[in-house]
Amino acid sequence: MTKPLKEPIYVSQPSLPNLNRVITGLGDLWESYILTNSGKKHRELERLISKKLKVDYCSLFCNGTLALQTAIHILGLEGEVITTPFTFAATPHVLTISGITPVFCDIEPETCNIDPFKIEELITEKTTGILPVHTYGNPCDVITIDEYRNKGLKILYDAAPCFGVERNEIGIGNFGDLSIFSFHATKVFNTFEGGCIVTNDKELKKKIDLFKNFGYSSPEKVVCPGINGKMNEFQAIIGIENLRIFDIEIEKRKLLFKHYEEQLSLIEGIRIIKTFKTVKYNYAYLPIVIDEKKFGVNRNKLYKKLKDNNVFTRKYFYPLCSNYICYKELPSADHKNLKNANWIADRVLCLPLYSNLSENVIDYICEIINSLRK
Ligand SMILES: *Cc1c(COP(=O)(O)O)cnc(C)c1O
């Protein structure tokens, strides 16, 4: 067995832009004294991101969670909203904080995304919308889900980890009524903290921009209630510079993903979450599912073994949101209705994946996994 690593390896490492370019950008701020309130950098990044994501409009936010909360408000969601329990805490929390009851729907075990055919039976007269997540940056069945719009439901996609993902060359932000993205440090594209809402609807874009700036339509006119959701000029500079290196970062991730794939496919009892030929991925995560019966040991033992060898993986998304103390009493949180989600949450593990990772470290990780096999 190879010797333990000297430095710990974490599940992700943020992409950092060229520091000199960032400093040059900061120089512009020092000259202009404009630090926020839809300044030059903010407007430039909105243009660049709309182009990159192949959508008409982008509204930048200080983080993905406030973008999500704003989108919920703008779409007028209330009552009950159907969502997945297999997600980050922010997804059900923003619903609850907006006075909406999250209704958990089971997932497809292959993709870990919401099962579009189980949505129908959860619809009641209180249902106003669906909040699916493109889990791990893997697009949901957007075609089937978008058909629920015909039933008068609003579709809001939590595309937080999905920056740059396309389906049949269509940017993933073009589906549903609105989509939100996160630019948190741990995401493939970051502004340290940040996020956006994208849409092709000019009226919605206007409403979003009013809401994120206290409802100000001009310096002496406030037309609606609103919050402070604005992205500042510093974040926008980081975004502009990180966007320059984005394609290169994804290309590196892709090669590393393939390297993992080659080795993991040889190990019985381990599978990578399903991917599709029609999708252009951003390789945000490397989620594997461990089948104890075939592999010989369970997920928690593998997690511990890797940790003992200085490799820090994450059990995204364990625990399931439906098992949080604040949600487990909901009728839809019943394990009987969420069999796949509970099954996956107990068996999934995200392995380290980021552009600076080396193939040697991947070999090392796969070697440890292989050594556990019984
Ligand atoms: C990261 C993430 C969020 C939250 O975004 P922040 O920018 O951290 O507020 C929401 N939903 C999902 C699925 C995420 O992965």
Side-chain angles (χ1 to χ4, degrees), residues 12-71 74 160 163-164 171 173 180-199 202 204-252 282 354-356:
S12 71
Q13 184 187 79
S15 291
L16 286 173
N18 180 293
L19 185 57
N20 287 329
R21 294 198 64 104
V22 171
I23 290 168
T24 305
L26 285 177
D28 298 342
L29 300 195
W30 259 246
E31 263 174 36
S32 70
Y33 289 90
I34 292 177
L35 309 183
T36 185
N37 287 8
S38 196
K40 211 170 140 195
K41 306 289 181 189
H42 184 283
R43 293 193 306 265
E44 183 182 348
L45 186 59
E46 284 196 344
R47 267 196 311 277
L48 293 171
I49 288 181
S50 324
K51 199 162 156 235
K52 186 80 197 164
L53 301 183
K54 301 185 176 172
V55 293
D56 290 345
Y57 305 104
C58 160
S59 272
L60 295 173
F61 278 78
C62 51
N63 62 56
T65 303
L66 275 177
L68 195 53
Q69 196 158 1
T70 300
I74 295 297
F163 196 88
I180 74 98
F181 293 82
S182 163
F183 309 153
H184 184 263
T186 54
K187 303 296 202 274
V188 289
F189 168 74
N190 82 76
T191 58
F192 288 16
E193 290 262 13
C196 73
I197 308 179
V198 301
T199 177
K202 198 173 182 179
L204 284 180
K205 158 77 173 160
K206 267 193 213 152
K207 284 188 190 168
I208 293 162
D209 285 348
L210 283 173
F211 188 78
K212 80 171 187 193
N213 188 29
F214 311 101
Y216 275 100
S217 65
S218 66
E220 296 182 4
K221 195 169 177 193
V222 173
V223 294
C224 62
I227 58 166
N228 182 1
K230 302 183 303 289
M231 173 180 280
N232 68 45
E233 291 290 275
F234 175 73
Q235 290 171 294
I237 289 172
I238 299 294
I240 291 166
E241 295 308 328
N242 258 336
L243 206 49
R244 268 183 229 285
I245 61 168
F246 180 75
D247 289 343
I248 302 167
E249 293 284 292
I250 298 306
E251 201 46 45
K252 288 187 194 160
N282 64 10
Y354 48 87
S355 63
N356 275 338

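All values below were derived from every heavy atom in this structure, side-chain atoms included, with hydrogens, water molecules and symmetry-related copies excluded.
- Separation of atoms CD1 (I237) and CZ (R21) is listed at 11.5 Å; rounding is to 0.5 Å.
- Across all their heavy atoms, I34 and G39 have their closest contact at CG2-CA, 4.1 Å.
- Rounding to the nearest 0.5 Å gives a distance of 10.5 Å between CZ of F189 and OG of S182.
- Between L68 and F61 the shortest side-chain heavy-atom distance does not fall below 4.5 Å.
- Judged by distance alone, with hydrogens and angles left aside, the side-chain atoms of E233 form a donor-acceptor pair with the main-chain N or O of K40 at under 3.5 Å.
- Counting non-hydrogen atoms of other residues, nucleotides and ligands closer than 6.0 Å to OH of Y216 gives a total of 12 or fewer.
- For K212 and E46, the salt-bridge test passes: some basic side-chain N is under 4.0 Å from an acidic carboxylate O.
- With sequence neighbours left out, the ring-ring contact (aromatic ring centres under 6.0 Å, His included) criterion links F192 to F234.
- Atoms CD and OG1, on E193 and T65 in that order, are 8.5 Å from each other to the nearest 0.5 Å.
- With V198 as reference, L53 is the one residue of I208, L53, D56 to meet the side-chain contact (heavy atoms from CB on, under 4.5 Å) rule.
- The two atoms that bring F163 and I49 nearest to each other are CE1-CG2, 4.1 Å, heavy atoms only.
- L60 and M231 get closest at one heavy-atom pair: CD1-SD, 3.7 Å.
- By the 4.0 Å N-to-carboxylate-O rule, K41 lies close enough to D28 to be salt-bridged with it.
- Closest approach of A185 and N190 over heavy atoms only: CA-CB, 3.7 Å.
- Annotation: side chain of I245 is not in contact with side chain of N18 (no heavy-atom distance under 4.5 Å).
- With rounding to the nearest 0.5 angstrom, the CD atom of Q13 is 7.0 Å from the OG atom of S355.
- For S38, there are no side-chain hydrogen bond (donor to acceptor under 3.5 Å, both in side chains) partners at least two apart in sequence or on another chain.
- For K207, the NZ atom sits in a loose shell: 12 or fewer heavy atoms of surrounding residues, nucleotides or ligands are nearer than 6.0 Å.
- For the 3.5 Å distance criterion, the side chains of K230 and N228 qualify, holding a donor opposite an acceptor.
- By the ring-ring contact (aromatic ring centres under 6.0 Å, His included) test, F211 pairs with H73, sequence neighbours left out.
- Counting heavy atoms from C-beta outward, K52 and D247 have side chains that approach closer than 4.5 Å.
- Between I227 and L66, the shortest heavy-atom contact is CD1-CD2, 3.8 Å.
- In this structure, the side chains of N242 and T191 stay at 4.5 Å or more apart for every pair of heavy atoms.
- Between S59 and K205, the closest side-chain pair of non-hydrogen atoms falls below 4.5 Å.
- Atom CG of N63 and atom SG of C196 lie 12.0 Å apart (nearest 0.5 Å).
- Here the CD1 atom belonging to I180 is positioned 11.5 Å from the CD atom belonging to Q69, to the nearest 0.5 angstrom.
- When every heavy atom of L210 is checked against every heavy atom of C224, the shortest pair comes out as CB-SG, 4.1 Å.
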